[in-house]
Amino acid sequence: MNLKICGMKNENNILDVAELNPSYMGFIFYEKSPRYFNSVIPELPENIKKIGVFVNSTFDYIRGKVEKHNLQGVQLHGDETPELCSKLKALDIIVIKVFSIKNQFNFNVLEPFEDVCDYYLFDTKGKEPGGNGYTFNWNVLKKYPSIKPYFLSGGIGPKELDALLLFLKRPESELCCTLDLNSKFETAAKLKDITKLKAFQKKLIDANYIR
Ligand SMILES: O=C(O)c1ccccc1NCC(=O)[C@H](O)[C@H](O)COP(=O)(O)O
């Protein structure tokens, strides 16, 4: 299991999170977000992949950010088309297409994206396109029809750990490759709380889900 820490903003905080060695760090290029990233990403170890998060941005805007920040991947939170995903894939980067869920989900909508993205990310449907801070009904994933690995996201925090450990024992989590963590690990200043992240990571290590 991999960890993705999303919504990074502040240089020192980015470097502190890097010490935890997550597989991915997410940078939000959506101006309306309180986590909008408008700075310079410090040098990170090569094994930490930098993922740009976008909401209905144009190909040129996304490509500009990929080039400027040397992003290894993009995460698309809007109504992006399979055609856009395909053009982004041609840049030789990781393409993660997001789908938001509450209590039910029509998995047929995944079909056009099967060949044009690397991963799906299932997030909670809410007022905002992301970072809503609460979980969706993970039972919905019992009907997941694809063989593509997916990221689990939306409101995952320390209080959700017991439910998460139960979920990870169930067959529908078999293709869950990454846990995406964001607002439940933030301080009031929208910095990631390293102590909280470390404790959560340790519990996942102790339960043998991450190394
Ligand atoms: O976090 C944001 O502000 C955000 C805004 C617009 C699009 C995406 C955004 N976040 C992307 C993420 O990957 C979050 O980690 C994901 O939505 C879960 O967030 P949370 O519910 O806070 O755990």
Side-chain angles (χ1 to χ4, degrees), residues 1-8 22-28 30 32-35 51-56 73-82 85 94-114 117-186 190 192-193 196-197 200-201 203-204 207 209-210:
M1 184 69 59
N2 300 307
L3 288 183
K4 170 172 167 272
I5 316 296
C6 201
M8 300 307 308
S23 301
Y24 306 91
M25 273 200 215
F27 301 88
I28 295 173
Y30 173 63
K32 292 182 190 152
S33 167
R35 306 176 187 90
I51 303 293
V53 176
F54 300 89
V55 183
N56 293 329
V74 296
Q75 181 176 315
L76 307 170
H77 271 257
D79 301 315
E80 295 84 5
T81 60
C85 294
I94 301 166
V95 175
I96 304 165
K97 180 68 189 98
V98 177
F99 294 92
S100 300
I101 301 181
K102 214 167 196 176
N103 290 313
Q104 44 197 343
F105 186 66
N106 173 10
F107 284 104
N108 292 338
V109 300
L110 303 183
E111 214 278 326
F113 294 89
E114 279 288 285
C117 68
D118 297 283
Y119 303 102
Y120 298 124
L121 180 149
F122 297 114
D123 195 4
T124 308
K125 198 185 201 70
K127 206 162 69 60
E128 304 301 334
N132 285 293
Y134 53 93
T135 55
F136 66 92
N137 181 356
W138 298 336
N139 285 327
V140 170
L141 294 167
K142 282 183 184 162
K143 293 194 178 146
Y144 183 60
S146 174
I147 54 162
K148 199 183 282 300
Y150 66 84
F151 290 29
L152 183 70
S153 181
I156 300 172
K159 287 193 186 133
E160 285 66 39
L161 186 74
D162 289 346
L164 182 68
L165 292 176
L166 284 177
F167 172 76
L168 293 175
K169 287 200 176 97
R170 303 206 312 245
E172 60 270 27
S173 72
E174 196 183 314
L175 289 164
C176 176
C177 61
T178 303
L179 300 173
D180 179 56
L181 310 178
N182 188 358
S183 61
K184 289 281 184 85
F185 292 90
E186 273 175 356
K190 298 272 180 263
K192 292 298 179 284
D193 183 326
K196 249 189 193 180
L197 278 171
F200 192 81
Q201 189 183 38
K203 285 184 180 154
L204 288 170
Y209 285 108
I210 52 178

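- In this structure, Thr135 contributes its side chain and Gly154 its backbone to no donor-acceptor pair below 3.5 Å.
- Atom CZ in Phe200 sits 9.0 Å away from atom CD1 in Ile5 (nearest 0.5 Å).
- Under the rule for a side chain to side chain donor-acceptor pair (under 3.5 Å), the partners of Tyr120 that lie at least two apart in sequence or sit in another chain are Glu114.
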Side-chain donor-acceptor pairs under 3.5 Å in residues 171-179, sequence neighbours left out?
from	atom 1	to	atom 2	distance (Å)
Glu172	OE2	Arg170	NE	2.6
Glu172	OE2	Arg170	NH2	2.9
Ser173	OG	Phe167	O	3.1
Ser173	OG	Leu168	O	3.2
Ser173	OG	Arg170	O	2.8

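- We find the CG-CG distance between Asn108 and Leu110 to be 8.5 Å, quoted to the nearest 0.5 Å.
- Between the side chains of Asn132 and Lys125, no donor-acceptor pair is found at a separation under 3.5 Å.
- In this structure, Lys97 satisfies the cation-pi test against Phe99, with its NZ or CZ atom closer than 6.0 Å to the six-membered ring centre and inside 45 degrees of the ring normal.
- Nearest heavy-atom pair, Leu165 versus Ala207, reported as atom, atom and distance to 0.1 Å: CD2-CB, 4.0 Å.
- Note that CG of Leu3 is 6.0 Å distant from CG of Leu204, once rounded to the nearest 0.5 Å.
- No more than 12 heavy atoms of other residues, nucleotides or ligands sit less than 6.0 Å from atom CG of Asp79.
- Considering only heavy atoms from C-beta on, Leu164 stays 4.5 Å or farther from Tyr209 through its side chain.
- When all heavy atoms of Ser153 and Leu121 are compared, the closest pair comes out as CB-CD2, 3.5 Å.
- Minimum heavy-atom separation, Gly133 to Lys184: O-CE, 3.2 Å.
- Put simply, the side chain of Glu80 gets close to the backbone of Asn56: a donor and an acceptor are under 3.5 Å apart.
- Inter-residue side-chain proximity for Cys117 and Lys148 is flagged as met; some heavy-atom pair is nearer than 4.5 Å.
- Panel note: side chain Lys192, backbone Cys6; a donor-acceptor pair is recorded below 3.5 Å.
- Here the options are Leu181, Asp180, Leu161, the test is side-chain contact (heavy atoms from CB on, under 4.5 Å), and the partner is Ile156; only Leu181 passes.
- In this structure, Gln201 has no side chain to side chain donor-acceptor pair (under 3.5 Å) partners at least two apart in sequence or on a different chain.
- Contact detail for Phe113 and Pro82: the closest heavy-atom pair is CE2-N, 3.6 Å.
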Quiz item: Going through the distances and angles, do Ser100 and His77 end up as a side chain to side chain contact (heavy atoms under 4.5 Å, CB included)?
Solution: CA-CA 8 Å; Ser100 300; His77 271 257; 5.5 Å; no
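- When atom types are taken as modelled, the side chain of Asp118 and the backbone of Val95 share a donor-acceptor pair closer than 3.5 angstrom.
- With respect to Tyr144, the ring pair (Phe, Tyr, Trp, His ring centres under 6.0 Å) criterion is satisfied by exactly one of Trp138, Phe105, Phe122: Phe122.
- Within the model, atoms CD of Gln104 and CG of Asn139 stand 13.0 Å from one another, a figure rounded to the nearest 0.5 Å.
- Ring-plane geometry between Tyr24 and Phe151 is classed as tilted, the angle between the planes lying from 30 to 60 degrees on a 0 to 90 degree scale.
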Exercise. Dump the intermediate steps for side chain to side chain contact (heavy atoms under 4.5 Å, CB included) on Arg35 and Lys190, then the final yes or no.
Key: CA-CA 7 Å; Arg35 306 176 187 90; Lys190 298 272 180 263; 4.1 Å; yes
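- Counting heavy atoms from C-beta outward, Ile51 and Ile96 have side chains that approach closer than 4.5 Å.
- Glu186 and Lys196 are not joined by a salt bridge, as no carboxylate oxygen comes within less than 4.0 angstrom of a charged side-chain nitrogen.
- Proximity of Val98 to Gln75: side-chain heavy atoms (C-beta onward) are separated by under 4.5 Å at one or more points.
- For the pair Phe136 and Leu152, the minimum side-chain heavy-atom distance is below 4.5 Å.
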